[in-house]
Amino acid sequence: MPDDQPSRAALSMAASRPLRPLSGTVRIPGDKSVSHRALMLGALAVGRTEIDGLLEGEDVLATAAALRALGAAVERVGERRWRVDGVGIGGLAEPADLIDLGNSGTAARLLLGILATHDLTAFVTGDASLRERPMRRVIDPLSRFGARFVTREGGRLPLAVTGARDPVPQTYRLPVPSAQVKSAVLLAGLNTPGETSVIEPEVTRDHTERMLGHFGATVRVEPHPDGGRLITVVGQPELAAAPISVPGDPSSAAFPLVAALLVPGSEVMLTGVGVNPSRTGLLDSLAEMGADIARVNERIDGGEPVADLRVRAGRLKGADIPAARAPTMIDEYPVLAMVAACAEGRTVMRGLAELRVKESDRLSGIAQGLAACGATVAVEGDDLIVTGSGSPPAGGATIATRLDHRIAMAFLVLGLATAAPVAIDDARTIATSFPDFVPLMASLGAHFAEAR
Ligand code: S3P
């Protein structure tokens with residue numbers, strides 16, 4: 001590692017073109033979505049849940065701390081290995097203090113689902129990004145169970161939730177394609193007598209359903225007559241502790257993967273990547289753009305499909321990415337936009353309204369950052385349009401990351417391809433989802449320097 005290579009993310013950091021192609025094999029860190037759910041369901045199960053491969057990022061650590069504050073025993077027993085002694089469904093205790101979920105929307109929304117049907121009051125907050133994010137999307141359905149909320153203006157955190165003592169089961173149709181909202185409702189249904197159902201018009205990530213089944217709950221997933229799916233959980237089961245093996249996060253794999261596509265001559269192998277079909281929209285889109293990505297060693301690990309990905313650099317062309325694909329790659333648009341800026345021709349990414357309410361307004365963050373790097377980019381309604389020349393844009397800009405880890409990593413990846421370095425104003429946020437991003441990328445030959 002060069003001397004000026006920061007070992008961990010520094011405040012301000014810059015990426016520049018490596019002298020040699022990227023190469024090597026790296027294990028992708030644990031899936032953030034699966035890690036949150038493993039801790040939460042472990043806390044609600046009876047018995048001891050052993051988790052292997054947990055993502056030890058700040059978001060997941062916030063969930064672990066919250067569950068401890070609610071009375072579950074959550075303990076790190078080795079590298080990426082965690083143990084949860086659950087309290088059983090309905091067994092969480094009122095927390096003595098404010099619960100701070102940092103940057104994590106998933107922690108907040110899923111936990112509110114659990115708290116909504118516990119007979120207790122909790123006060124929940126988060127960082128400046130999370131406090132701006134919409135919570136009405138969970139407050140509305142959770143109120144129907146009988147939970148009560150007092151929130152800041154606009155349904156924002158901090159908020160107080162008093163869970164329903166006698167919750168009423170619900171059938172709820174998702175107004176936005178959100179796995180977080182779906183999961184909040186299903187988790188509320190766990191401690192509710194009778195059956196709770198969610199209708200999702202568009203398929204979103206299904207880790208909650210899969211893991212509930214893994215812990216012994218009865219979950220039915222059926223096609224809905226209007227399209228999409230009807231997901232039903234039978235309330236008040238006894239969840240039985242079960243070992244969990246967390247797959248590598250495809251949303252984290254996306255960064256070294258795209259770096260290998262964009263740095264000429266590169267070939268890398270990413271091992272243990274989750275390829276659950278509700279998460280593989282990026283792989284489908286990149287295939288349409290001409291990317292050379294092979295799935296090898298496909299297997300099922302801990303109930304989730306997993307593969308190793310062999311990625312080779314090459315010429316890429318623009319593509320039309322349909323809105324229907326958005327839920328399967330929602331977190332990957334920042335890095336896909338970097339590919340689009342380097343590809344030849346027009347890439348249209350359609351139906352991205354949900355990108356405006358992520359850790360930052362990603363639609364404007366991507367567009368402003370790419371424009372500052374010299375790319376041709378436009379936002380038309382909810383569509384993002386990037387027109388590339390077949391060569392990377394000039395670079396040479398400093399990007400405002402606005403507490404958004406994926407904006408930070410996406411632009412550092414772009415900086416590996418541009419002639420002039422690309423800097424980000426704050427790299428600390430990367431630790432929310434990918435604390436080892438810098439050393440992992442360095443092991444493949446990428447070079448990030450502290451920018452002053
Ligand atoms: C997640 C769902 C997605 C995603 C987030 C994680 C989850 O959010 O953006 O990073 O674990 O359920 P939405 O459900 O709001 O789309």
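For ligands, and for the atoms within them, numbers begin at 1 and follow the listed sequence. In what follows, every heavy atom counts, from backbone to side chain, and hydrogens, waters and symmetry copies are set aside. Note that the coordinates shown come from a computational prediction; the quantities given were computed from them, not determined experimentally. We're numbering straight along the sequence, starting at 1.
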Which residue from [options] reaches closest to [atom] through any of its heavy atoms?
atom                    : options                : value
atom 11 (O) of ligand 1 : G105, S33, A179        : S33
atom 2 (C) of ligand 1  : E332, Q180, R137, R406 : Q180
atom 9 (O) of ligand 1  : L110, V138, D331, L174 : D331
atom 14 (O) of ligand 1 : S178, S251, A107       : S178
atom 8 (O) of ligand 1  : R205, K358, R279       : K358

CZ/R299: more than 12 non-hydrogen atoms of other groups inside 6.0 Å: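 Yes, CZ of R299 has more than 12 neighbouring heavy atoms, counting only those of other groups under 6.0 Å.
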For a side-chain hydrogen bond (donor to acceptor under 3.5 Å, both in side chains) with E304, tell me which candidate from H214, R279, H207 qualifies.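 Checked H214, R279, H207 against E304; only one passes side-chain hydrogen bond (donor to acceptor under 3.5 Å, both in side chains): H207.
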Classify the ring geometry of F255 against F434: parallel below 30°, tilted from 30° to 60°, perpendicular beyond 60°.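 Rings of F255 and F434: tilted, as their planes differ by 30° to 60°.
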Quick check on K182 - does any of its heavy atoms sit under 4.0 Å from an atom of ligand 1?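 It does not; every heavy atom stays at 4.0 Å or beyond.
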Is it the side chain (CB and beyond), the backbone, both or neither of [X] that lies under 4.0 Å from ligand 1, heavy atoms counted?
X    : value
R37  : side chain
H207 : neither
H36  : neither

Short N-O contact, [X] and [Y], less than 4.0 angstrom:
X    : Y    : value
R220 : E195 : yes
D206 : K182 : no
D52  : R80  : no

Would you mind running through ligand 1 and noting each atom that sits below 4.0 Å from a heavy atom of I330?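 Taking each heavy atom of I330 in turn, ligand 1 has 9 (O) under 4.0 Å.
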Drop me the distance from I89's CD1 to T192's OG1, to the nearest 0.5 angstrom.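 One finds 9.5 Å between CD1 of I89 and OG1 of T192.
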Protein residue, atom and distance nearest to atom 6 (C) of ligand 1, heavy-atom basis: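 Atom 6 (C) of ligand 1 sits closest to the protein heavy atom T106 OG1, 3.3 Å.
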